[in-house]
Amino acid sequence: MKSYFITGGTTGIGWELAKLFLKEGHRVAVCGRVLEKLPKTAKEEYPLLHSYELSVTDEVATEKAIQDFAKGGLDVVVANAGISHGSKSRWPDKEVSKSIVNTNLLGVINTFFPAMEIFKEQGSGHLVAIASIAGYVGLPGASAYSASKGALIHLCESYALDLPNWGIDVTTICPGFIDTPLTKKNDHSMPFLMSCELGALKIKKAIDKKKVLYIFPWQMALVMHILRRLPRSIYRKLMKMPMADYSKK
Ligand SMILES: NC(=O)c1ccc[n+]([C@@H]2O[C@H](COP(=O)([O-])OP(=O)(O)OC[C@H]3O[C@@H](n4cnc5c(N)ncnc54)[C@H](OP(=O)(O)O)[C@@H]3O)[C@@H](O)[C@H]2O)c1
């Protein structure tokens, strides 16, 4: 039996992932700002489920929860909690931008540091970050989201070089579009949209295999690799084409 702490595990990818680990007989903790989002029968159905009501932007609360759960063991920490712009806008909003970076980047740091201390002490552990293919380029209308996920990819690329020296594995997951409450808010097209169940299954397999980097689906990975390598002047022209111009707001 392993112990998994998953931030933002009350809905979407996090909850699907939690269920997969619980069904295999592992101990799992989830956290979120509103625990009522968890299915009402979750605790009865999964006695090994632990839950903490907190925001990952609260450094102290996050640290306390991880330390509390770790009293029963801690093997894997999945920094999954994240927010997006929802309806995209060409005109960036300062408060929304700060909130996205605060949750998607600083929230991961708040999550990883207490876990790293525990993993360092025990000489083993696994940090997993749910980034996004949106981190590969600066997407129009999603500046803070792209920036937060891009920074997260780089943060974890460095951790994957540094932390194995202390027995700590690092996995970065970059999903394409997955059908969750987060993407339900999107008002633009979502190529290769995948069900949440399938997305979580793919993520679980990558975690189990301790992949350093997993980008999926492959079609979106290919598109993003091409977009990233294009001369930036061509990228900018492409993003101005009508199909990419999803919002004039
Ligand atoms: N869906 C996709 O297409 C997609 C693609 C690429 C990457 N991702 C990434 O995957 C992760 C999960 O997204 P999802 O699609 O599953 O979204 P979701 O269904 O909206 O789930 C997000 C989870 O994060 C929690 N959360 C949000 N802010 C939080 C905070 N400050 N502190 C603690 N928990 C917080 C939410 O619970 P509360 O609201 O109760 O706090 C919820 O449990 C995110 O990092 C997202 O960026 C998603």
Side-chain angles (χ1 to χ4, degrees), residues 1-9 13-14 17-18 20-22 24-31 50 56 59 62-82 101 103-136 146-176 199-218 220-221 224-225 228-229:
M1 183 176 70
K2 280 186 169 185
S3 294
Y4 294 78
F5 192 101
I6 304 174
T7 66
I13 298 169
L17 203 53
L20 291 173
F21 291 126
L22 287 161
E24 282 189 354
H26 299 297
R27 247 180 106 236
V28 177
V30 294
C31 73
H50 299 241
V56 291
E59 184 182 341
T62 307
E63 179 173 5
K64 271 189 185 162
I66 291 173
Q67 286 172 347
D68 180 68
F69 180 68
K71 286 176 193 157
L74 187 68
D75 300 288
V76 184
V77 170
V78 184
N80 164 77
V101 173
T103 305
N104 297 4
L105 182 61
L106 299 181
V108 178
I109 289 180
N110 290 342
T111 304
F112 277 176
F113 271 76
M116 271 152 62
E117 287 304 317
I118 293 163
F119 291 164
K120 189 178 170 191
E121 183 100 340
Q122 66 194 22
S124 68
H126 188 180
L127 299 174
V128 180
I130 310 295
S132 169
I133 52 152
Y136 277 93
S146 279
S148 68
K149 295 298 185 179
L152 183 55
I153 291 167
H154 282 267
L155 183 86
C156 292
E157 188 163 66
S158 297
Y159 283 171
L161 297 172
D162 295 334
L163 300 183
N165 293 311
W166 285 272
I168 304 171
D169 297 298
V170 181
T171 296
T172 308
I173 309 274
C174 296
L201 198 62
K202 284 178 175 286
I203 292 172
K204 181 185 176 291
K205 280 185 186 162
I207 295 174
D208 288 347
K209 285 185 185 163
K210 294 189 175 171
K211 282 193 175 187
V212 173
L213 178 65
Y214 179 51
I215 315 171
F216 74 101
W218 67 265
M220 287 303 282
M224 283 302 169
H225 280 303
R228 191 163 63 150
R229 279 165 183 77

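For this chain, numbers begin at 1 and follow the sequence in order.
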**Message:** Within the structure provided, determine whether Leu17 and Asn80 are in side-chain contact (heavy-atom separation under 4.5 Å).
**Reply:** no

Point to revise | side-chain hydrogen bond (donor to acceptor under 3.5 Å, both in side chains) partners for Asn110, two or more places apart | key: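 In terms of side-chain hydrogen bond (donor to acceptor under 3.5 Å, both in side chains), with neighbours along the sequence ignored, Asn110 is linked to no residue.
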
Verify the neighbour count for atom NZ of Lys120: are there more than 12 heavy atoms of other residues, nucleotides or ligands below 6.0 Å?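 Result for NZ/Lys120: open.
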
*Can you establish whether the number of heavy atoms outside Gln67 located under 6.0 Å from its atom CD is more than 12?*
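Enclosed.
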
Open item on the list: Checking Lys2 against His126 for the side chain to side chain contact (heavy atoms under 4.5 Å, CB included) test, could you report, in this order, the C-alpha distance in whole Å, the side-chain angles of both residues, the deciding distance, and whether it holds?
Closed with: CA-CA 11 Å; Lys2 280 186 169 185; His126 188 180; 6.0 Å; no

Would a distance-only check, ignoring hydrogens and angles, find a side-chain to backbone donor-acceptor pair under 3.5 Å from [X] to [Y]?
X: Thr172; Y: Ala129; answer: no
X: Thr103; Y: Gly82; answer: no
X: Gln122; Y: Gly73; answer: no

message = Leu74 vs Phe5, test: side chain to side chain contact (heavy atoms under 4.5 Å, CB included). Steps then yes/no.
response = CA-CA 7 Å; Leu74 187 68; Phe5 192 101; 3.9 Å; yes

Applied to residues 147-157, the side chain to side chain donor-acceptor pair (under 3.5 Å) test, sequence neighbours excluded, yields Asn104-Ser148

Walk me through it: do His225 and Ile215 pass the test side chain to side chain contact (heavy atoms under 4.5 Å, CB included)?
CA-CA 10 Å; His225 280 303; Ile215 315 171; 3.7 Å; yes

For the atom pair OG1 (Thr7) and CD1 (Ile66), what is the distance rounded to the nearest 0.5 Å?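 Between atom OG1 of Thr7 and atom CD1 of Ile66 there are 8.0 Å.
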
TODO: For Leu105 and Ala151, work out which heavy atoms get closest and say how close.
DONE: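 Answer, listing the atom of Leu105 first, then Ala151: CD2-CB, 3.8 Å.
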
* With sequence neighbours excluded, what pairs up with Phe21 under the ring-ring contact (aromatic ring centres under 6.0 Å, His included) test? ->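 Phe21 satisfies ring-ring contact (aromatic ring centres under 6.0 Å, His included) with Tyr4 once adjacent residues are dropped.
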
